[in-house]
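Everything quoted here is computed from the prediction, not taken from an experiment. Labels below follow one simple rule: chain letters A, B, ... track the order of the sequence lines, proteins then strands, and each chain is numbered from 1.
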Protein chains: 2
Amino acid sequence: MTDYPGVAVTVDLVVLTVREDRLQALTVRRGEEPYVGRWALPGGFLRPEEDLPAAAGRELAEETGVSAGQVHLEQLGSYGAPDRDPRMRTVTVAYIALAADLPVPVAGTDAADARWQPVADLVDRPAEDPGSLAFDHAAILRDGVERARAKLEYTPLATAFCGREFTVGELRHVYEVVWDRPLDPRNFHRKVTGTTGFLEATGGTTARDGGRPARLYRAGAATSLHPPLLRAPV
Amino acid sequence: MTDYPGVAVTVDLVVLTVREDRLQALTVRRGEEPYVGRWALPGGFLRPEEDLPAAAGRELAEETGVSAGQVHLEQLGSYGAPDRDPRMRTVTVAYIALAADLPVPVAGTDAADARWQPVADLVDRPAEDPGSLAFDHAAILRDGVERARAKLEYTPLATAFCGREFTVGELRHVYEVVWDRPLDPRNFHRKVTGTTGFLEATGGTTARDGGRPARLYRAGAATSLHPPLLRAPV
DNA sequence: CTAATAGTGTCTATCAGACAGTATACC
DNA sequence: GGTATACTGTCTGATAGACACTATTAG
């Protein structure tokens, strides 16, 4: 009972952002076997004295240069099929990170290259496609995207995709891109400004999108939305 | 990079049921160090050739005698603080199981005893209390209970707490116990019978609760509820 | 001026909560 | 009969979606 074989535990990240009107995920090109040259989710081994959230934050900082305080980071789930890594028995704990548009990613230690890629281009490729993600990362990405879509319904997390200050129009754009459906600007405005704790006006305005200047907001104190902002059922 | 120290991976279960008008969790008394004699969540080591869901199903069958097909089993999350087990570095993948009232639990291999205990009695004890759960299991249980409460809002999972056939009144009782708040019987009835895919009438009736006989239902085909059944905000 | 986006108001169908009233069992 | 639960119906206030209208900028 005390001598069970050890398992290698890794932490992988689904880092999502809204760039160029599309939901995109951070990918790194693998520099070693297995799957050398293929794209993969950023991640790495859990260190001996490190808690799981700390490992996720460290990997995120290594790959993107941002500290964990600037993004929303939460555990997604664990994946441990016995054959998921041909080298050894591994269990990976996946996290999702929701970030505002970040600077071009920096190449991490193991990664020959790092790049944002639209999730739509990654999710549905067959495993033989050299553009598909290594290991079981396509399934992890699918789960992470679905989690993000669901969380926008009942939490104010869409603000994590925006900068520190943003307009209602920018927030709506996040919803439209993540959910991949248009929303009525008037009704959206009424709903989000009418939900207490969602938005906090800064007093400033901006006209960066053209048209009449829009009020600027910060994320409010609420951690959940009552009532939720539901996606219309098909 | 390929020689990271192994970690012991365990699977722990938050098995929930509604018994005697209270939400209860399955606990086992530890038969070995550490925390010998203390109550803990059922669980055990991940076996070398076993996937995570398979390990959770196996542990559930060992502790309760029920097969995984009879209960709802889903991953809750992973816990890996470096000091969570004094013997060695462990990461546990927690699952929640929602079950109808089960036969009295059978003692598992490692467990000197097994017992249902109301979650309210387990969740808020200080760590020094000998009745409190071992390891970080109180925190895992808290997370599992909150997950179950939330899932009742937007999925038909409350049916997992009922037998194969049940009445609307029994289903409402599940909601009232899990959410710990009374619900209006008339409005509840209208809502659940009006949500397509939630319930499927069997044609039979029963008078096991006294009063006018109630129609019997099975769980329907829906996997999510549109619109959700929201808990009133306080 | 036009075009664009921001923000407010209004209408309507629907829905949640409150609760009256009827149905059918057991005692 | 009384009491329990099951079920249906009705009312009212709130809300979601549709969309008209005004406000304020750029060009």
| query | Hey, does the side-chain of R212(B) have a donor or acceptor N/O within less than 3.5 Å of a partner on the base of dA6(D)? | reply |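 Such a pair is found, so the answer is yes.
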
| Is there a donor and acceptor pair, one atom on the side chain of N187(B) and one on the base of dA18(C), closer than 3.5 Å? | yes

| query | Taking everything shown except D180(A) itself, do over 12 heavy atoms lie less than 6.0 Å from its CG? | reply |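 No - once you tally the heavy atoms of other residues, nucleotides and ligands closer than 6.0 Å, there are 12 at most.
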
| query | Does the side chain of D12(B) come under 3.5 Å of the side chain of Y79(B) through a donor N or O and an acceptor N or O? | reply | no

| request: Flag the pair F166(B) / Y217(B) as yes when their ring centroid distance falls below 6.0 Å, and as no otherwise. | output: no

| How close or far is atom P of dG17(D) from atom CZ of R231(A), stated in whole angstroms? | 13 Å

| task | Provide, to the nearest angstrom, the distance between the NE2 atom belonging to H226(A) and the C1' atom belonging to dT15(D). | result |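 These atoms are roughly 16 Å apart.
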
Just call it for [X]: base, sugar-phosphate, or nothing, with non-hydrogen atoms closer than 4.0 Å on any strand.
X	result
R215(A)	sugar-phosphate
P227(B)	sugar-phosphate
A214(A)	sugar-phosphate

| said: Here's a test of your reading of the structure: between P213(A) and R190(B), which maps to the more 5' nucleotide of DNA chain D? | reply: R190(B)

| task | Tell me which residues in residues 164-178 of chain A put a heavy atom below 4.0 Å from DNA chain D, sorted by number, or none. | result |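 Close to the strand, none.
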
| Considering all heavy atoms of both residues, which atom of R215(B) and which atom of T205(B) are nearest to each other, and what is their separation? |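 Smallest heavy-atom distance, with atoms named: CA-CG2, 4.1 Å.
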
| query | Looking at H189(B), does any N or O in its side chain come under 4.0 Å of the phosphate oxygens OP1/OP2 on dC7(D)? | reply | yes

| query | Can a salt bridge be assigned to the pair E146(B) and R142(B) using a cut-off of 4.0 Å between side-chain N and carboxylate O? | reply | no

| query | Does the distance from a Lys or Arg side-chain N to an Asp or Glu carboxylate O, for E153(A) and R231(A), drop under 4.0 Å? | reply | yes

